[in-house]
*Asks:* 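First the structure, then my questions, so here it is.
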Amino acid sequence: MPIVPATAVTIKEAARALARGEIVAFPTETVYGLGANALDGSAVAKIFAAKERPRFNPLIVHVPGLAEAETYGVVNAAARKLAEAFWPGPLSLVLEKRAGARIADLVTAGLDTIALRSPAHPIARALLAEAKLPIAAPSANRSGRVSPTAAAHVAVELDDLPTMILDGGACKLGIESTVVSLVGDAPVLLRLGATPRGEIERVLGQKLSVPAPDAPVASPGQLATHYAPDTKLRLGATSVNPNEALLAFGKDVPKGARITINLSESGDLNEAAAKLFGALRELDQSGASMIAVMPIPDPGLGEAINDRLRRAACGAPPRRASDRS
Ligand code: TXA
Ligand code: MG
């Protein structure tokens, strides 16, 4: 098993593995990432293979900060404002790719844009500093399934294990970064995430637009079925039956479920986000016929939590490629 505690020594080893073209998993403040040297196309190809990820779905490139972001993307005024306000942190910016950027084409799925993020997690930052490379890293789960928020989740998700899984404990935020595109005239919210929409709008001084429902998929990762466990979800549940597992929120929890996990008894949305994916995994393994999910309020992080739950309710893709008909 390649899980190792993240220490100064193992982080150096992981950086050397990246430089050799291997892939390593590492914690970020949002979820665990599966990283490769973004300048090395054959290293990046290993990520797509390990995740069984469709090649049209581009990856986020992780960098230490704005200075490095500028070598790969065109940082306009709005991008600078957002990076100054939220980096390092859970916000990914889609920018025009800089001409001559040596990023492998596979990273951006052939697009002329690039998603960049400066992660806040000290282990992710130490790895970037040691490797001195831009690190392409999607969430370290099998494509379409629940993102890993602990090192052990990575190991159960992937058949082709990375060279190393740096264990940094549970991810603090537990939900992926917000993705904002600054390529066109108006900033576009491509993915709800751990930086609440309202905070971004406050810094920009304008509303974020959302891609039109009939627009060609602006962020290819935003396909409806995503973040899905095997067990079906029933949203907005106010009562449960004994065959069901209950994902609860708040104090007034209906009794009688086969198993109940409360995302936050006190109604704290940060706590709920941090526990969400781990709780879905646990309830998925409980043998329940259905996961009933109590209503979760929409403000702040609630919007991203509800987005993930709606996608999870659309159902899971097959667990293994060989299961696909
Ligand atoms: O929190 C996170 O963002 C985590 C950690 C590891 O940093 N990463 C993550 O990556 O969630 P991934 O690959 O699971 O999701 C990246 C999202 C996808 O929806 C993808 O389509 C979108 O970002 N994306 C990446 N590059 C893009 C681009 N050039 N244009 C539009 N969308 C892009
Ligand atoms: Mg993902």
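All ligand and atom numbering here is 1-based and tracks the order in the structure. Counting from 1, the numbers follow the sequence of the chain as shown.
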*Asks:* With a 3.5 Å distance limit and no angle check, can you tell me whether Arg125 reaches the backbone of Ala120 through a side-chain donor-acceptor pair?
*Replies:*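 No, Arg125 side chain to Ala120 backbone: no donor-acceptor pair under 3.5 Å.
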*Asks:* Where does Leu190 meet ligand 1, judged by heavy-atom distances below 4.0 Å: at the side chain, the backbone, both, or neither?
*Replies:*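 Just the side chain.
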*Asks:* Distance under 4.0 Å to a non-hydrogen atom of Asn57: what atoms of ligand 1 satisfy this?
*Replies:*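 Under 4.0 Å from Asn57, ligand 1 has these atoms: 18 (C), 20 (C), 21 (O).
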*Asks:* Counting each atom of ligand 1 from 1 as listed, which ones have a heavy atom of Thr30 under 4.0 Å away?
*Replies:*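 Reading through ligand 1 atom by atom, the close ones are 1 (O), 2 (C), 4 (C), 5 (C).
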*Asks:* Within 2.8 Å of the Mg ion (ligand 2), is there any N, O or S atom belonging to Ser147?
*Replies:*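 No - counting backbone and side chain alike, Ser147 has no N, O or S atom under 2.8 Å.
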*Asks:* So, regarding Glu176 and ligand 1 (criterion: nitrogen or oxygen to nitrogen or oxygen, under 3.5 Å), is there a contact or not?
*Replies:*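 Looking only at distances, the answer is no, because the N/O contact criterion of under 3.5 Å is not met.
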*Asks:* Any salt bridge linking Lys275 with Glu282? Criterion: basic side-chain nitrogen under 4.0 Å from a carboxylate oxygen.
*Replies:*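 Judged by the 4.0 Å cut-off on N to carboxylate O distance, Lys275 and Glu282 do not form a salt bridge.
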*Asks:* Measure the distances from the heavy atoms of Ala137 to every atom of ligand 1 and state whether one is below 4.0 angstrom.
*Replies:*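 Checking ligand 1 against Ala137, which is what was asked, there is a heavy-atom contact under 4.0 Å.
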*Asks:* With only distance considered, is Ser177 within less than 3.5 Å of ligand 1 through an N or O on each side?
*Replies:*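 So ligand 1 has an N or O lying under 3.5 Å from an N or O of Ser177.
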*Asks:* Using 4.0 Å as the upper bound for N to carboxylate O, is an ion pair formed by Glu13 and Arg20?
*Replies:*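 Salt bridge flag = no for Glu13 with Arg20.
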*Asks:* Between the main-chain N or O of Pro64 and the side-chain N or O of Ser118, is there a donor-acceptor pair closer than 3.5 Å?
*Replies:*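 Between the backbone of Pro64 and the side chain of Ser118 there is a qualifying donor-acceptor contact (under 3.5 Å).
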*Asks:* Are the side chain of Ser139 and the backbone N or O of Asn141 linked by a donor-acceptor pair below 3.5 Å?
*Replies:*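 Between the backbone of Asn141 and the side chain of Ser139 there is no qualifying donor-acceptor contact (under 3.5 Å).
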*Asks:* Please determine whether side chain to side chain contact (heavy atoms under 4.5 Å, CB included) holds for the pair Leu66 and Val75, giving the CA-CA distance in whole Å, both sets of side-chain angles, and the decisive distance to 0.1 Å.
*Replies:* CA-CA 8 Å; Leu66 200 46; Val75 177; 3.9 Å; yes
*Asks:* Tell me whether Leu59 reaches ligand 1 (any heavy atom closer than 4.0 angstrom to a ligand atom).
*Replies:*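 Contact check Leu59 vs ligand 1: positive.
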*Asks:* Using a 4.0 Å heavy-atom cut-off, say whether Arg53 meets ligand 1 through its side chain, its backbone, both or neither.
*Replies:*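 Looking at Arg53 and ligand 1, just side chain atoms fall under 4.0 Å.
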*Asks:* Please name the pair of heavy atoms, one in Leu133 and one in Leu39, separated by the smallest distance, quoted to 0.1 Å.
*Replies:*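 So the minimum-distance heavy-atom pair works out to CD2-CD1, 4.2 Å.
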*Asks:* Could you tell me whether the side chain of Arg197 and the main chain of Leu192 form a donor-acceptor pair under 3.5 Å?
*Replies:*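 No, Arg197 side chain to Leu192 backbone: no donor-acceptor pair under 3.5 Å.
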*Asks:* Taking non-hydrogen atoms only, is Pro58 closer than 4.0 angstrom to ligand 1 via side chain, backbone, both or neither?
*Replies:*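 Near ligand 1, Pro58 shows its backbone as well as its side chain.
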*Asks:* Consider every N or O of Thr113 and every N or O of ligand 1, then say whether any pair is closer than 3.5 Å.
*Replies:*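 For ligand 1, there is an N or O atom that lies under 3.5 Å from one belonging to Thr113.
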*Asks:* Hey, does His62 come in under 3.5 Å of ligand 1, counting only N/O atoms on both sides?
*Replies:*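 Min N/O separation from ligand 1 is below 3.5 Å for His62.
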*Asks:* Counting only heavy atoms not in Glu265 (residues, nucleotides, ligands), do more than 12 fall under 6.0 Å from its CD?
*Replies:*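 No, not enclosed.
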*Asks:* Closer than 4.0 Å to some heavy atom of Ser139 - which atoms of ligand 1 meet that?
*Replies:*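 With Ser139 as reference, the close atoms of ligand 1 come out as 8 (N), 9 (C), 10 (O), 12 (P), 14 (O).
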